[in-house]
Number of protein chains: 2
Amino acid sequence: MSEPQDRASGIQVIDRAVCLMQALARYPHPVSLKILAAECGLHASTAHRILATLALHHWVDKPSEGYALGSALVRLAARARPAPRWREIALPILAELCEALGESVNLTVREGDEVVYVERSVPNRMMRVEQVIGTRAPLHVTSVGKILLGAEGATAISRYAERTGLLPLTKNTIRQTEALIDACLTAAHTGFAFDNEEAEIGVGCIGVLVRDADGVPVAGLSISSPIERRQDHWVTHLQAAAKKIEARL
Amino acid sequence: MSEPQDRASGIQVIDRAVCLMQALARYPHPVSLKILAAECGLHASTAHRILATLALHHWVDKPSEGYALGSALVRLAARARPAPRWREIALPILAELCEALGESVNLTVREGDEVVYVERSVPNRMMRVEQVIGTRAPLHVTSVGKILLGAEGATAISRYAERTGLLPLTKNTIRQTEALIDACLTAAHTGFAFDNEEAEIGVGCIGVLVRDADGVPVAGLSISSPIERRQDHWVTHLQAAAKKIEARL
DNA sequence: AAAATCGTTTTCACAATATGAAATTATCAA
DNA sequence: TTGATAATTTCATATTGTGAAAACGATTTT
(Lines give C-alpha, C1' and ligand atoms only; values in the text may rest on other atoms or scores of the structure.)
Protein backbone atom coordinates (compact mmCIF):
# COMPACT_ATOMS: atom_id res chain seq x y z
CA MET A 1 0.00 0.00 0.00
CA SER A 2 1.58 3.21 1.20
CA GLU A 3 5.32 2.91 0.90
CA PRO A 4 6.87 6.01 2.38
CA GLN A 5 4.61 6.20 5.45
CA ASP A 6 5.21 9.09 7.79
CA ARG A 7 8.81 10.01 7.24
CA ALA A 8 8.95 11.80 10.55
CA SER A 9 12.62 11.85 11.34
CA GLY A 10 13.35 10.67 14.82
CA ILE A 11 15.37 7.67 15.88
CA GLN A 12 15.33 5.35 12.92
CA VAL A 13 14.50 2.09 14.69
CA ILE A 14 11.70 3.66 16.62
CA ASP A 15 10.20 5.23 13.54
CA ARG A 16 10.31 1.82 11.94
CA ALA A 17 8.81 0.08 14.95
CA VAL A 18 5.99 2.60 15.04
CA CYS A 19 5.43 2.14 11.34
CA LEU A 20 5.17 -1.61 11.76
CA MET A 21 2.68 -1.34 14.57
CA GLN A 22 0.60 1.16 12.66
CA ALA A 23 0.58 -1.22 9.76
CA LEU A 24 -0.55 -3.97 12.10
CA ALA A 25 -3.36 -1.76 13.35
CA ARG A 26 -4.62 -1.36 9.81
CA TYR A 27 -5.44 -5.02 9.46
CA PRO A 28 -8.31 -6.81 11.16
CA HIS A 29 -6.31 -9.71 12.51
CA PRO A 30 -3.02 -11.47 11.85
CA VAL A 31 -0.51 -10.21 9.30
CA SER A 32 2.50 -11.97 7.82
CA LEU A 33 6.01 -10.69 8.24
CA LYS A 34 6.35 -10.35 4.49
CA ILE A 35 3.43 -7.96 4.21
CA LEU A 36 4.42 -5.89 7.20
CA ALA A 37 7.95 -5.50 5.91
CA ALA A 38 6.65 -4.46 2.52
CA GLU A 39 4.21 -1.93 3.97
CA CYS A 40 6.99 -0.17 5.78
CA GLY A 41 9.59 -0.57 3.07
CA LEU A 42 11.82 -2.70 5.26
CA HIS A 43 13.81 -5.83 4.53
CA ALA A 44 12.27 -8.94 6.00
CA SER A 45 15.27 -9.45 8.19
CA THR A 46 15.03 -6.01 9.73
CA ALA A 47 11.30 -6.19 10.22
CA HIS A 48 11.67 -9.56 11.87
CA ARG A 49 14.22 -8.31 14.34
CA ILE A 50 12.10 -5.33 15.30
CA LEU A 51 8.93 -7.36 15.64
CA ALA A 52 10.76 -9.96 17.70
CA THR A 53 11.88 -7.25 20.08
CA LEU A 54 8.39 -5.85 20.36
CA ALA A 55 7.04 -9.33 20.93
CA LEU A 56 9.47 -9.73 23.80
CA HIS A 57 7.60 -6.98 25.56
CA HIS A 58 4.20 -8.22 24.40
CA TRP A 59 3.59 -5.11 22.34
CA VAL A 60 2.88 -7.46 19.48
CA ASP A 61 1.63 -11.01 19.72
CA LYS A 62 2.76 -13.87 17.57
CA PRO A 63 -0.10 -16.26 17.10
CA SER A 64 0.57 -19.37 15.05
CA GLU A 65 0.10 -17.33 11.87
CA GLY A 66 1.65 -13.88 11.49
CA TYR A 67 1.67 -11.00 13.92
CA ALA A 68 -0.98 -9.00 15.77
CA LEU A 69 -1.04 -6.14 18.20
CA GLY A 70 -0.17 -7.30 21.68
CA SER A 71 -1.84 -7.18 25.03
CA ALA A 72 0.66 -4.90 26.71
CA LEU A 73 -0.85 -2.11 24.65
CA VAL A 74 -4.16 -2.50 26.35
CA ARG A 75 -2.56 -2.18 29.73
CA LEU A 76 -0.59 0.86 28.61
CA ALA A 77 -3.52 2.53 26.96
CA ALA A 78 -5.56 2.07 30.09
CA ARG A 79 -3.08 4.33 31.84
CA ALA A 80 -2.95 6.79 28.98
CA ARG A 81 -4.61 10.14 29.59
CA PRO A 82 -7.80 9.11 31.33
CA ALA A 83 -9.79 10.67 28.51
CA PRO A 84 -13.47 11.22 29.21
CA ARG A 85 -15.66 8.88 27.20
CA TRP A 86 -16.53 11.63 24.77
CA ARG A 87 -18.69 9.37 22.74
CA GLU A 88 -21.05 8.81 25.62
CA ILE A 89 -20.79 12.27 27.08
CA ALA A 90 -20.90 14.51 24.08
CA LEU A 91 -22.27 12.63 21.10
CA PRO A 92 -25.97 13.02 21.93
CA ILE A 93 -25.46 16.73 22.36
CA LEU A 94 -23.52 17.05 19.13
CA ALA A 95 -26.30 15.18 17.37
CA GLU A 96 -28.96 17.41 18.86
CA LEU A 97 -27.20 20.58 17.79
CA CYS A 98 -26.43 19.16 14.39
CA GLU A 99 -30.07 18.28 13.93
CA ALA A 100 -31.22 21.73 15.03
CA LEU A 101 -28.92 23.69 12.74
CA GLY A 102 -28.48 21.25 9.92
CA GLU A 103 -24.72 21.61 9.98
CA SER A 104 -21.76 19.50 11.09
CA VAL A 105 -20.77 19.76 14.73
CA ASN A 106 -17.32 18.67 15.93
CA LEU A 107 -15.71 17.96 19.26
CA THR A 108 -11.96 18.46 19.40
CA VAL A 109 -9.24 18.17 22.00
CA ARG A 110 -5.91 19.90 22.01
CA GLU A 111 -2.76 17.92 21.60
CA GLY A 112 0.44 19.88 21.54
CA ASP A 113 0.28 22.40 18.73
CA GLU A 114 -2.63 20.65 17.13
CA VAL A 115 -6.27 20.00 17.64
CA VAL A 116 -7.62 16.46 17.15
CA TYR A 117 -11.15 15.67 16.03
CA VAL A 118 -12.53 13.12 18.48
CA GLU A 119 -16.26 13.14 17.79
CA ARG A 120 -18.61 14.67 15.26
CA SER A 121 -22.13 14.65 14.02
CA VAL A 122 -22.96 15.38 10.40
CA PRO A 123 -26.32 16.50 8.98
CA ASN A 124 -28.27 14.67 6.38
CA ARG A 125 -27.72 17.16 3.59
CA MET A 126 -26.09 16.90 0.26
CA MET A 127 -23.57 19.64 0.83
CA ARG A 128 -21.93 19.36 4.19
CA VAL A 129 -18.54 19.57 5.84
CA GLU A 130 -17.16 16.30 7.10
CA GLN A 131 -14.21 15.89 9.41
CA VAL A 132 -12.59 12.51 9.77
CA ILE A 133 -12.25 11.42 13.36
CA GLY A 134 -8.63 11.25 14.41
CA THR A 135 -7.62 13.97 11.97
CA ARG A 136 -5.47 16.82 13.22
CA ALA A 137 -5.20 20.48 12.38
CA PRO A 138 -2.74 23.14 13.53
CA LEU A 139 -4.11 25.48 16.17
CA HIS A 140 -3.87 28.66 14.11
CA VAL A 141 -6.20 27.53 11.34
CA THR A 142 -9.09 26.49 13.57
CA SER A 143 -11.61 28.42 15.59
CA VAL A 144 -11.11 26.37 18.72
CA GLY A 145 -7.35 26.52 18.33
CA LYS A 146 -7.42 30.29 18.33
CA ILE A 147 -9.32 30.47 21.60
CA LEU A 148 -6.88 28.05 23.18
CA LEU A 149 -3.90 30.02 21.93
CA GLY A 150 -5.46 33.27 23.11
CA ALA A 151 -5.60 31.98 26.65
CA GLU A 152 -1.82 31.68 26.69
CA GLY A 153 -1.04 35.32 26.05
CA ALA A 154 0.78 37.25 23.36
CA THR A 155 4.28 35.98 24.03
CA ALA A 156 3.22 32.34 23.98
CA ILE A 157 1.49 32.96 20.68
CA SER A 158 4.67 34.49 19.28
CA ARG A 159 6.59 31.43 20.35
CA TYR A 160 3.97 29.23 18.73
CA ALA A 161 4.36 31.24 15.55
CA GLU A 162 8.13 30.85 15.52
CA ARG A 163 7.99 27.19 16.42
CA THR A 164 5.52 26.19 13.76
CA GLY A 165 6.21 28.80 11.07
CA LEU A 166 2.44 29.35 10.75
CA LEU A 167 2.29 27.26 7.66
CA PRO A 168 -0.65 28.36 5.51
CA LEU A 169 -3.28 25.87 4.36
CA THR A 170 -5.23 28.35 2.24
CA LYS A 171 -4.83 31.92 1.05
CA ASN A 172 -6.89 32.95 4.07
CA THR A 173 -4.65 31.36 6.68
CA ILE A 174 -3.25 33.95 9.04
CA ARG A 175 0.42 34.42 8.27
CA GLN A 176 1.45 37.38 10.40
CA THR A 177 2.21 36.80 14.03
CA GLU A 178 0.67 40.17 14.90
CA ALA A 179 -2.59 39.33 13.20
CA LEU A 180 -2.68 35.96 14.92
CA ILE A 181 -2.13 37.49 18.32
CA ASP A 182 -4.96 39.92 17.65
CA ALA A 183 -7.34 37.21 16.56
CA CYS A 184 -6.47 34.89 19.42
CA LEU A 185 -6.65 37.49 22.16
CA THR A 186 -10.09 38.68 21.12
CA ALA A 187 -11.15 35.05 20.76
CA ALA A 188 -10.05 34.30 24.28
CA HIS A 189 -11.78 37.43 25.48
CA THR A 190 -15.14 36.81 23.86
CA GLY A 191 -15.00 33.06 24.39
CA PHE A 192 -15.62 32.16 20.78
CA ALA A 193 -13.80 32.35 17.48
CA PHE A 194 -14.25 31.97 13.75
CA ASP A 195 -12.40 30.22 11.02
CA ASN A 196 -12.89 32.05 7.75
CA GLU A 197 -11.80 29.54 5.13
CA GLU A 198 -8.43 29.37 6.85
CA ALA A 199 -8.15 25.59 6.82
CA GLU A 200 -10.01 24.90 3.61
CA ILE A 201 -11.49 27.22 1.04
CA GLY A 202 -15.25 27.21 1.21
CA VAL A 203 -15.65 26.09 4.80
CA GLY A 204 -16.14 28.30 7.81
CA CYS A 205 -16.34 27.45 11.50
CA ILE A 206 -17.48 28.89 14.76
CA GLY A 207 -15.98 27.45 17.92
CA VAL A 208 -16.24 27.62 21.68
CA LEU A 209 -14.56 25.76 24.53
CA VAL A 210 -15.77 23.07 26.88
CA ARG A 211 -14.32 23.46 30.37
CA ASP A 212 -14.12 21.17 33.37
CA ALA A 213 -15.29 22.04 36.87
CA ASP A 214 -12.08 23.98 37.50
CA GLY A 215 -12.53 26.08 34.39
CA VAL A 216 -9.72 24.30 32.56
CA PRO A 217 -10.50 23.80 28.87
CA VAL A 218 -10.82 20.11 28.09
CA ALA A 219 -12.30 20.20 24.61
CA GLY A 220 -13.51 22.42 21.83
CA LEU A 221 -16.92 22.45 20.22
CA SER A 222 -17.40 23.83 16.74
CA ILE A 223 -19.80 24.08 13.84
CA SER A 224 -18.36 23.61 10.37
CA SER A 225 -20.41 24.69 7.40
CA PRO A 226 -20.10 26.02 3.89
CA ILE A 227 -19.02 29.57 4.56
CA GLU A 228 -22.04 31.16 2.90
CA ARG A 229 -24.46 29.31 5.17
CA ARG A 230 -22.79 30.32 8.39
CA GLN A 231 -24.85 32.45 10.78
CA ASP A 232 -23.40 34.43 13.62
CA HIS A 233 -26.21 33.67 16.03
CA TRP A 234 -25.07 30.05 16.08
CA VAL A 235 -22.67 31.12 18.77
CA THR A 236 -25.44 31.10 21.35
CA HIS A 237 -26.43 27.57 20.36
CA LEU A 238 -22.83 26.48 20.67
CA GLN A 239 -22.51 28.02 24.10
CA ALA A 240 -25.67 26.30 25.26
CA ALA A 241 -24.43 22.96 23.96
CA ALA A 242 -21.07 23.45 25.63
CA LYS A 243 -22.87 24.10 28.91
CA LYS A 244 -24.79 20.86 28.52
CA ILE A 245 -21.61 18.91 27.91
CA GLU A 246 -19.94 20.52 30.88
CA ALA A 247 -22.86 19.47 33.02
CA ARG A 248 -22.28 15.84 32.06
CA LEU A 249 -18.58 15.71 32.88
CA MET B 1 13.23 2.82 41.93
CA SER B 2 14.02 -0.26 39.86
CA GLU B 3 17.25 0.26 38.00
CA PRO B 4 17.88 -2.73 35.78
CA GLN B 5 14.28 -3.15 34.58
CA ASP B 6 13.59 -6.05 32.31
CA ARG B 7 16.87 -6.74 30.64
CA ALA B 8 15.20 -8.55 27.82
CA SER B 9 17.76 -8.38 25.06
CA GLY B 10 16.28 -7.18 21.83
CA ILE B 11 17.10 -4.07 19.87
CA GLN B 12 18.58 -1.68 22.38
CA VAL B 13 16.66 1.47 21.50
CA ILE B 14 13.37 -0.35 21.46
CA ASP B 15 14.04 -1.96 24.81
CA ARG B 16 14.78 1.49 26.13
CA ALA B 17 11.71 3.04 24.57
CA VAL B 18 9.53 0.32 26.04
CA CYS B 19 11.16 0.84 29.41
CA LEU B 20 10.43 4.55 29.29
CA MET B 21 6.80 4.01 28.40
CA GLN B 22 6.39 1.41 31.10
CA ALA B 23 7.83 3.86 33.54
CA LEU B 24 5.38 6.46 32.32
CA ALA B 25 2.54 4.03 32.86
CA ARG B 26 3.55 3.61 36.46
CA TYR B 27 2.82 7.23 37.29
CA PRO B 28 -0.62 8.75 37.58
CA HIS B 29 0.02 11.77 35.45
CA PRO B 30 2.94 13.74 34.07
CA VAL B 31 6.55 12.76 34.71
CA SER B 32 9.71 14.76 34.27
CA LEU B 33 12.46 13.75 31.90
CA LYS B 34 14.89 13.53 34.79
CA ILE B 35 12.84 10.94 36.62
CA LEU B 36 12.11 8.86 33.55
CA ALA B 37 15.75 8.78 32.59
CA ALA B 38 16.69 7.72 36.10
CA GLU B 39 14.06 4.99 36.25
CA CYS B 40 15.45 3.39 33.14
CA GLY B 41 19.09 4.06 33.90
CA LEU B 42 19.51 6.29 30.87
CA HIS B 43 21.31 9.57 30.40
CA ALA B 44 18.98 12.54 30.16
CA SER B 45 20.16 13.20 26.66
CA THR B 46 19.34 9.71 25.46
CA ALA B 47 15.98 9.62 27.17
CA HIS B 48 15.12 12.96 25.68
CA ARG B 49 15.90 11.82 22.17
CA ILE B 50 13.83 8.68 22.52
CA LEU B 51 10.90 10.47 24.10
CA ALA B 52 11.02 13.14 21.42
CA THR B 53 10.78 10.46 18.76
CA LEU B 54 7.87 8.80 20.50
CA ALA B 55 6.19 12.17 20.87
CA LEU B 56 6.51 12.66 17.13
CA HIS B 57 4.18 9.74 16.70
CA HIS B 58 1.97 10.76 19.61
CA TRP B 59 2.85 7.66 21.58
CA VAL B 60 3.74 10.02 24.39
CA ASP B 61 2.33 13.46 24.97
CA LYS B 62 4.28 16.42 26.12
CA PRO B 63 2.03 18.63 28.18
CA SER B 64 3.54 21.84 29.52
CA GLU B 65 5.08 19.86 32.36
CA GLY B 66 6.80 16.54 31.76
CA TYR B 67 5.65 13.60 29.70
CA ALA B 68 2.57 11.38 29.65
CA LEU B 69 1.34 8.45 27.62
CA GLY B 70 0.00 9.61 24.29
CA SER B 71 -3.26 9.31 22.50
CA ALA B 72 -2.01 7.17 19.65
CA LEU B 73 -1.90 4.33 22.15
CA VAL B 74 -5.62 4.32 22.68
CA ARG B 75 -6.18 4.15 18.96
CA LEU B 76 -3.72 1.29 18.69
CA ALA B 77 -5.05 -0.58 21.67
CA ALA B 78 -8.54 -0.33 20.27
CA ARG B 79 -7.34 -2.45 17.38
CA ALA B 80 -5.43 -4.83 19.59
CA ARG B 81 -6.94 -8.27 20.06
CA PRO B 82 -10.63 -7.47 20.36
CA ALA B 83 -10.64 -8.97 23.83
CA PRO B 84 -14.05 -9.60 25.33
CA ARG B 85 -14.75 -7.33 28.26
CA TRP B 86 -13.92 -10.06 30.72
CA ARG B 87 -14.58 -7.84 33.65
CA GLU B 88 -18.21 -7.43 32.71
CA ILE B 89 -18.70 -10.90 31.36
CA ALA B 90 -16.95 -13.06 33.87
CA LEU B 91 -16.38 -11.19 37.08
CA PRO B 92 -19.83 -11.74 38.59
CA ILE B 93 -19.53 -15.44 37.93
CA LEU B 94 -16.05 -15.62 39.39
CA ALA B 95 -17.34 -13.81 42.46
CA GLU B 96 -20.26 -16.18 42.81
CA LEU B 97 -18.07 -19.25 42.64
CA CYS B 98 -15.52 -17.72 44.93
CA GLU B 99 -18.23 -16.97 47.45
CA ALA B 100 -19.64 -20.48 47.22
CA LEU B 101 -16.35 -22.31 47.72
CA GLY B 102 -14.44 -19.77 49.76
CA GLU B 103 -11.42 -20.00 47.48
CA SER B 104 -9.78 -17.81 44.86
CA VAL B 105 -11.11 -18.10 41.32
CA ASN B 106 -9.08 -16.91 38.33
CA LEU B 107 -9.75 -16.21 34.70
CA THR B 108 -6.79 -16.57 32.38
CA VAL B 109 -6.11 -16.24 28.68
CA ARG B 110 -3.36 -17.84 26.71
CA GLU B 111 -0.66 -15.75 25.21
CA GLY B 112 2.06 -17.57 23.35
CA ASP B 113 3.68 -20.04 25.72
CA GLU B 114 2.18 -18.36 28.73
CA VAL B 115 -1.09 -17.86 30.45
CA VAL B 116 -2.04 -14.36 31.64
CA TYR B 117 -4.27 -13.70 34.64
CA VAL B 118 -6.94 -11.24 33.48
CA GLU B 119 -9.54 -11.40 36.22
CA ARG B 120 -9.90 -12.94 39.65
CA SER B 121 -12.03 -13.03 42.72
CA VAL B 122 -10.53 -13.71 46.13
CA PRO B 123 -12.36 -14.92 49.25
CA ASN B 124 -12.48 -13.12 52.52
CA ARG B 125 -10.29 -15.53 54.45
CA MET B 126 -7.01 -15.14 56.15
CA MET B 127 -5.20 -17.80 54.19
CA ARG B 128 -5.87 -17.50 50.51
CA VAL B 129 -4.10 -17.61 47.19
CA GLU B 130 -3.86 -14.33 45.39
CA GLN B 131 -2.86 -13.86 41.76
CA VAL B 132 -1.90 -10.41 40.54
CA ILE B 133 -3.79 -9.41 37.44
CA GLY B 134 -1.48 -9.12 34.47
CA THR B 135 0.88 -11.74 35.85
CA ARG B 136 2.03 -14.54 33.58
CA ALA B 137 2.90 -18.18 34.07
CA PRO B 138 4.32 -20.79 31.70
CA LEU B 139 1.77 -23.24 30.37
CA HIS B 140 3.32 -26.36 31.88
CA VAL B 141 3.00 -25.24 35.49
CA THR B 142 -0.69 -24.35 35.38
CA SER B 143 -3.83 -26.44 35.23
CA VAL B 144 -5.35 -24.43 32.40
CA GLY B 145 -2.09 -24.43 30.50
CA LYS B 146 -1.96 -28.20 30.54
CA ILE B 147 -5.40 -28.54 29.01
CA LEU B 148 -4.47 -26.06 26.30
CA LEU B 149 -1.25 -27.89 25.55
CA GLY B 150 -3.07 -31.21 25.51
CA ALA B 151 -5.30 -29.99 22.70
CA GLU B 152 -2.29 -29.58 20.46
CA GLY B 153 -1.13 -33.16 20.52
CA ALA B 154 2.01 -34.96 21.63
CA THR B 155 4.39 -33.58 19.02
CA ALA B 156 3.40 -30.00 19.70
CA ILE B 157 3.97 -30.59 23.39
CA SER B 158 7.43 -31.96 22.64
CA ARG B 159 8.21 -28.87 20.66
CA TYR B 160 6.95 -26.72 23.52
CA ALA B 161 9.23 -28.65 25.87
CA GLU B 162 12.27 -28.13 23.67
CA ARG B 163 11.47 -24.51 23.04
CA THR B 164 10.99 -23.54 26.66
CA GLY B 165 13.22 -26.05 28.40
CA LEU B 166 10.41 -26.72 30.89
CA LEU B 167 12.01 -24.57 33.48
CA PRO B 168 10.96 -25.71 36.95
CA LEU B 169 9.38 -23.31 39.42
CA THR B 170 9.17 -25.80 42.28
CA LYS B 171 10.35 -29.31 42.99
CA ASN B 172 6.96 -30.51 41.75
CA THR B 173 7.16 -28.89 38.34
CA ILE B 174 7.02 -31.47 35.60
CA ARG B 175 10.47 -31.80 34.07
CA GLN B 176 10.17 -34.78 31.74
CA THR B 177 8.64 -34.28 28.36
CA GLU B 178 7.02 -37.70 28.53
CA ALA B 179 5.33 -36.94 31.84
CA LEU B 180 4.12 -33.62 30.51
CA ILE B 181 2.63 -35.21 27.41
CA ASP B 182 0.84 -37.72 29.62
CA ALA B 183 -0.56 -35.07 31.91
CA CYS B 184 -1.65 -32.79 29.09
CA LEU B 185 -3.29 -35.46 26.98
CA THR B 186 -5.40 -36.75 29.82
CA ALA B 187 -6.20 -33.15 30.77
CA ALA B 188 -7.42 -32.44 27.26
CA HIS B 189 -9.38 -35.67 27.29
CA THR B 190 -11.18 -35.13 30.59
CA GLY B 191 -11.53 -31.38 30.10
CA PHE B 192 -9.96 -30.44 33.39
CA ALA B 193 -6.53 -30.49 34.98
CA PHE B 194 -4.71 -30.05 38.25
CA ASP B 195 -1.69 -28.16 39.38
CA ASN B 196 -0.07 -29.93 42.32
CA GLU B 197 2.23 -27.32 43.80
CA GLU B 198 3.92 -27.06 40.43
CA ALA B 199 3.99 -23.28 40.29
CA GLU B 200 4.35 -22.57 43.98
CA ILE B 201 4.77 -24.87 46.92
CA GLY B 202 1.63 -25.02 49.00
CA VAL B 203 -0.85 -24.01 46.34
CA GLY B 204 -2.93 -26.29 44.17
CA CYS B 205 -5.28 -25.54 41.32
CA ILE B 206 -8.06 -27.10 39.33
CA GLY B 207 -8.77 -25.67 35.92
CA VAL B 208 -11.19 -25.93 33.02
CA LEU B 209 -11.60 -24.09 29.73
CA VAL B 210 -14.08 -21.50 28.55
CA ARG B 211 -14.93 -21.91 24.87
CA ASP B 212 -16.65 -19.68 22.34
CA ALA B 213 -19.60 -20.69 20.20
CA ASP B 214 -17.30 -22.53 17.80
CA GLY B 215 -15.73 -24.55 20.58
CA VAL B 216 -12.47 -22.63 20.40
CA PRO B 217 -10.94 -22.07 23.85
CA VAL B 218 -10.90 -18.38 24.67
CA ALA B 219 -10.05 -18.45 28.35
CA GLY B 220 -9.30 -20.65 31.32
CA LEU B 221 -11.11 -20.77 34.63
CA SER B 222 -9.38 -22.08 37.72
CA ILE B 223 -9.61 -22.36 41.46
CA SER B 224 -6.43 -21.76 43.44
CA SER B 225 -6.28 -22.84 47.03
CA PRO B 226 -3.92 -24.07 49.68
CA ILE B 227 -3.27 -27.60 48.49
CA GLU B 228 -4.68 -29.27 51.59
CA ARG B 229 -8.04 -27.55 51.21
CA ARG B 230 -8.54 -28.60 47.62
CA GLN B 231 -11.51 -30.83 46.87
CA ASP B 232 -11.93 -32.85 43.73
CA HIS B 233 -15.64 -32.25 43.42
CA TRP B 234 -14.93 -28.58 42.73
CA VAL B 235 -14.52 -29.62 39.14
CA THR B 236 -18.26 -29.77 38.68
CA HIS B 237 -18.64 -26.26 40.09
CA LEU B 238 -15.97 -25.05 37.71
CA GLN B 239 -17.66 -26.64 34.75
CA ALA B 240 -20.97 -25.07 35.68
CA ALA B 241 -19.35 -21.66 36.02
CA ALA B 242 -17.60 -22.06 32.67
CA LYS B 243 -20.96 -22.84 31.06
CA LYS B 244 -22.41 -19.66 32.53
CA ILE B 245 -19.57 -17.59 31.17
CA GLU B 246 -19.90 -19.20 27.78
CA ALA B 247 -23.57 -18.31 27.76
CA ARG B 248 -22.69 -14.66 28.21
CA LEU B 249 -20.16 -14.39 25.39
C1' DA C 1 19.54 43.29 38.82
C1' DA C 2 22.86 40.06 38.62
C1' DA C 3 24.15 35.49 39.86
C1' DA C 4 23.34 30.97 40.77
C1' DT C 5 20.67 26.76 40.31
C1' DC C 6 18.12 23.31 38.08
C1' DG C 7 15.92 20.96 34.17
C1' DT C 8 15.72 20.53 29.36
C1' DT C 9 17.55 20.61 24.73
C1' DT C 10 21.23 20.71 21.20
C1' DT C 11 25.74 19.57 19.44
C1' DC C 12 29.25 16.54 17.98
C1' DA C 13 33.15 13.00 17.62
C1' DC C 14 33.17 8.27 18.30
C1' DA C 15 32.26 3.27 18.55
C1' DA C 16 28.75 0.52 19.60
C1' DT C 17 24.72 -0.68 17.24
C1' DA C 18 21.39 -1.89 14.01
C1' DT C 19 21.59 -3.10 9.25
C1' DG C 20 20.69 -6.16 5.07
C1' DA C 21 22.71 -9.63 1.90
C1' DA C 22 23.08 -14.12 1.99
C1' DA C 23 22.82 -18.62 4.14
C1' DT C 24 19.83 -21.70 6.90
C1' DT C 25 15.78 -23.64 8.45
C1' DA C 26 10.84 -24.50 8.47
C1' DT C 27 6.46 -25.07 6.06
C1' DC C 28 3.81 -26.48 2.56
C1' DA C 29 2.45 -28.14 -2.52
C1' DA C 30 2.83 -30.82 -6.22
C1' DT D 1 11.04 -36.59 -3.47
C1' DT D 2 11.71 -32.01 -5.27
C1' DG D 3 10.63 -27.17 -5.58
C1' DA D 4 8.90 -22.91 -3.95
C1' DT D 5 7.79 -19.58 -0.37
C1' DA D 6 8.17 -17.68 4.07
C1' DA D 7 10.52 -17.20 8.46
C1' DT D 8 14.92 -17.05 10.98
C1' DT D 9 19.81 -16.69 11.88
C1' DT D 10 24.43 -15.25 10.81
C1' DC D 11 27.89 -12.00 10.12
C1' DA D 12 30.95 -8.24 8.17
C1' DT D 13 30.13 -3.47 7.70
C1' DA D 14 29.08 1.57 8.12
C1' DT D 15 25.27 3.69 9.76
C1' DT D 16 23.25 4.95 13.60
C1' DG D 17 22.42 6.02 18.18
C1' DT D 18 25.26 7.32 22.08
C1' DG D 19 26.67 10.34 26.07
C1' DA D 20 29.84 14.11 27.61
C1' DA D 21 29.66 18.53 27.54
C1' DA D 22 27.97 22.91 26.30
C1' DA D 23 23.96 26.05 25.37
C1' DC D 24 19.60 27.36 26.63
C1' DG D 25 15.58 28.76 29.46
C1' DA D 26 13.13 29.22 33.49
C1' DT D 27 13.24 30.00 38.63
C1' DT D 28 15.09 31.32 42.73
C1' DT D 29 18.63 33.58 45.59
C1' DT D 30 21.92 37.14 46.69
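Throughout, protein chains are lettered first and strands after them, A, B, ... in sequence-line order, and every chain is numbered starting at 1.
Rounded to a whole Å, the CD1 atom of A:Ile11 is 13 Å from the C1' atom of D:dG19. Taking atom CD1 on B:Ile50 and atom C1' on C:dA18, their separation rounds to 14 Å, with Å as the unit. If you measure from atom CD1 of B:Ile14 to atom C1' of C:dT17, you get 12 Å, rounded to the nearest angstrom. Between the CG atom of B:Leu51 and the P atom of C:dT8 there is a distance of 10 Å, rounded to whole Å. In this entry the distance linking CG of B:Leu54 with P of D:dG17 reads 13 Å, nearest Å. For the pair B:Asp15 CG and D:dT18 P, the interatomic distance rounds to 11 Å; values are reported in whole Å. A:Lys34 has its NZ atom 11 Å from the C1' atom of D:dA4, to the nearest Å. Separating the CD1 atom of B:Ile35 from the C1' atom of C:dC6 is a distance of 13 Å, rounded to the nearest angstrom.
For A:Ala17, the side-chain contact (heavy atoms from CB on, under 4.5 Å) partners two or more places apart in sequence, or in a different chain, are A:Ile50, A:Leu54, B:Ile14.
The two residues A:Ala161 and A:Thr177 make their nearest non-hydrogen contact at CB-OG1, 3.5 Å. When all heavy atoms are compared, the tightest approach of B:Leu169 to B:Thr173 is N-OG1, 3.0 Å. B:Asp195 and B:Ser143 get closest at one heavy-atom pair: CB-N, 3.9 Å. Here the closest non-hydrogen pair linking A:His57 and B:Asp15 is NE2-OD1, 2.7 Å. In this structure, B:Ala242 and B:Val208 approach most closely via the heavy-atom pair CB-CG2, 4.0 Å. Minimum heavy-atom separation, B:Thr46 to B:Arg16: CG2-NH1, 4.0 Å.
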Contact list (N/O, under 3.5 angstrom) for nucleotides 9-15 of chain C vs protein:
unit_1 : atom_1 : unit_2  : atom_2 : d
C:dT9  : OP2    : B:His48 : NE2    : 3.3
C:dT9  : OP2    : B:Tyr67 : OH     : 3.1
C:dT9  : O5'    : B:His48 : NE2    : 3.2

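A donor-acceptor contact under 3.5 angstrom links the side chains of A:Asn106 and A:Ser224, judged on distance only.
The shortest distance between the side-chain N/O atoms of A:Thr46 and the OP1/OP2 oxygens of C:dT19 is not below 4.0 Å. Close to C:dT19, at under 4.0 Å from its OP1 or OP2, lies no side-chain N or O of A:His43. When the side-chain nitrogen and oxygen atoms of A:Arg16 are compared with OP1 and OP2 of D:dG17, none of them lie within a distance under 4.0 Å. Contact annotation: A:Gln12 reaches the phosphate of C:dT19 (side-chain N/O to OP1 or OP2, under 4.0 Å).
Salt bridge present: A:Glu198 and A:Lys146 bring a charged side-chain N and a carboxylate O closer than 4.0 Å.
Remark on the helix from C:dT9-D:dA22 to C:dA30-D:dT1: inter-end axis angle 50°, axes from five-pair C1' superpositions, rounded to 10°.
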